2 protein chains.
Amino acid sequence: MKKFSPCCSPVLQGSLPKSDAEELAALFKALGDPVRLRLLSFIAEQPESEACVCYLTEPTGLSQPTVSHHLKLLHDAGLLEREKRGAWVFYRVVPERLEAIRAALVTRAPRVREAKRA
Amino acid sequence: MKKFSPCCSPVLQGSLPKSDAEELAALFKALGDPVRLRLLSFIAEQPESEACVCYLTEPTGLSQPTVSHHLKLLHDAGLLEREKRGAWVFYRVVPERLEAIRAALVTRAPRVREAKRA
DNA sequence: GGCGGACATCGACGTTCTTCGATGTCTTTG
DNA sequence: CAAAGACATCGAAGAACGTCGATGTCCGCC
């Protein structure tokens, strides 16, 4: 009853370089908060995929500094562009950034469950 | 020099329901750590998109409890399936879950910058 | 120039997260 | 049955995060 011991070659080859992992993780972390997701979603739904900050503060039910902080994080992550227009500030979605995330999530060989080990 | 005051109708319609936002955010949070991304990436690259835990502990440079903890978080998020085989435990990637994330990131009207306001 | 409004920044507080050593559970082996 | 190995669970410690009130900065307006 001997088994092929699966243990323990020193693998984890290049798979995902540590620097890439950190960069990607920072992106996901920016999306890992319900408030930020709703802000992003709301802005993306607006006419030019942009919105004035003054529209965003009140509906969230959070304080103005908190909303400003979340917008800054989304901006730092490259998910939002910032543009000042007179006294107001507009944030616009950066679709390329979202596409980059989608691209990072493509799975190799998605469906091979049926015809194996026949 | 009067402007259309952009302030402040009580919007943020349905956009992203709070419950959906929390669920999605939990998913992104699970991906928001470089260690977990590398674990996921490594497992996804293996023959059946699965790997024994014993392969995963040492290469990360982290302690066994820490790796176990990260795997648990990925499992709780539905990103990994867990299967015990004798004394060993294998984790397998759940591609549907990754696809679900990709689907959530589709952007409406990605490129309309050129031909506007002609 | 001075006032008020729109956002950003600062400092603080409580919560959550990452990590670890120690310990527990289960399985295989001698 | 006892010993050893593979993972999970349990605190605990330190870092990171979300939130707020107070304050600062910039702009438009009287």
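Bear in mind the structure is a predicted one, so any value in this text is a computation, not a measurement. FYI, side chains are in, hydrogens and waters are out, and symmetry mates aren't considered; it's all heavy atoms of this structure. Letters A, B, ... are given to chains in the order of the sequence lines, protein chains preceding strands, and every chain is numbered from 1.
The shortest distance between the side-chain N/O atoms of Ser68(B) and the OP1/OP2 oxygens of dA8(D) is below 4.0 Å. At the phosphate of dA8(C), OP1 or OP2 sits under 4.0 Å from a side-chain N or O atom of Arg82(A). Residue Arg85(B) has no polar side-chain atom (N or O) positioned under 4.0 Å from OP1 or OP2 of dA6(D).
Thr57(B) meets the side-chain contact (heavy atoms from CB on, under 4.5 Å) test with Val53(B), Gln64(B), Val67(B); sequence neighbours excluded. Residues passing the side-chain contact (heavy atoms from CB on, under 4.5 Å) test with Ala104(B), sequence neighbours excluded: Leu24(B). Under the rule for a salt bridge (Lys or Arg N to Asp or Glu O under 4.0 Å), Glu22(A) has no partner lying at least two apart in sequence or in another chain. Checked against side-chain contact (heavy atoms from CB on, under 4.5 Å), Leu98(A) has the following partners two or more places apart in sequence or in another chain: Leu40(A), Leu79(A), Val93(A), Leu105(B), Thr107(B). Applying the salt bridge (Lys or Arg N to Asp or Glu O under 4.0 Å) criterion to Glu23(A), with sequence neighbours excluded, gives no partner residue. For Arg102(A), the salt bridge (Lys or Arg N to Asp or Glu O under 4.0 Å) partners are Glu99(A), not counting sequence neighbours. Annotation: side-chain contact (heavy atoms from CB on, under 4.5 Å) contacts of His70(B) (sequence neighbours excluded): Asp33(B), Val35(B), Arg36(B), Leu39(B), Thr66(B).
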Summary of protein contacts for nucleotides 19-24 of chain D, nucleotide by nucleotide, where a base hit scores B, a sugar-phosphate-only hit scores S (4.0 Å, heavy atoms): BBBB--
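When rounded to the nearest whole Å, the span between CG of Leu39(B) and C1' of dT19(C) equals 14 Å. Between the OH atom of Tyr91(A) and the C1' atom of dA6(C) there is a distance of 12 Å, given to the nearest Å. Following rounding to the nearest Å, Leu56(A) (CG) and dC7(C) (P) show an atom-to-atom distance of 8 Å. Straight-line distance from the CG atom of Leu74(B) to the P atom of dA8(D): 12 Å, rounded to whole Å. Regarding Glu83(A), its CD atom lies at a distance of 16 Å from the C1' atom of dA6(C), rounded to whole Å. Atom CD of Glu58(B) is separated from atom P of dG5(D) by 16 Å (rounded to the nearest Å).
Considering all non-hydrogen atoms of both residues, Ala44(A) and Ser49(A) come closest at O-OG, 3.5 Å. Contact between Trp88(A) and Cys52(A) at its shortest, heavy atoms only, is CB-SG, 3.9 Å. Minimum heavy-atom separation, Arg38(A) to Pro17(B): NE-C, 4.5 Å.
Checking dG18(D), dC7(C), dA8(D) against every side-chain atom of Leu73(A), the shortest atom distance belongs to dG18(D).
At a threshold of 4.5 Å between non-hydrogen side-chain atoms, the residues Leu27(B) and Phe28(A) do not count as touching.
Rotation axes derived from the C1' atoms of the five outermost pairs at either end of the helix from dG1(C)-dC30(D) to dG30(C)-dC1(D) lie 20° apart, to the nearest 10°.
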Tabulated below should be each protein N or O lying under 3.5 Å from an N or O of nucleotides 12-14 of chain D; please produce it.
none

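Judged as a salt bridge (charged side-chain N to carboxylate O under 4.0 Å, His left out), the pairs with a partner in residues 62-78 of chain B (not counting sequence neighbours) are, in order, Lys72(B)-Asp76(B).
Residues from residues 22-31 of chain B that place a heavy atom under 4.0 Å from any atom of DNA chain D: there are none.
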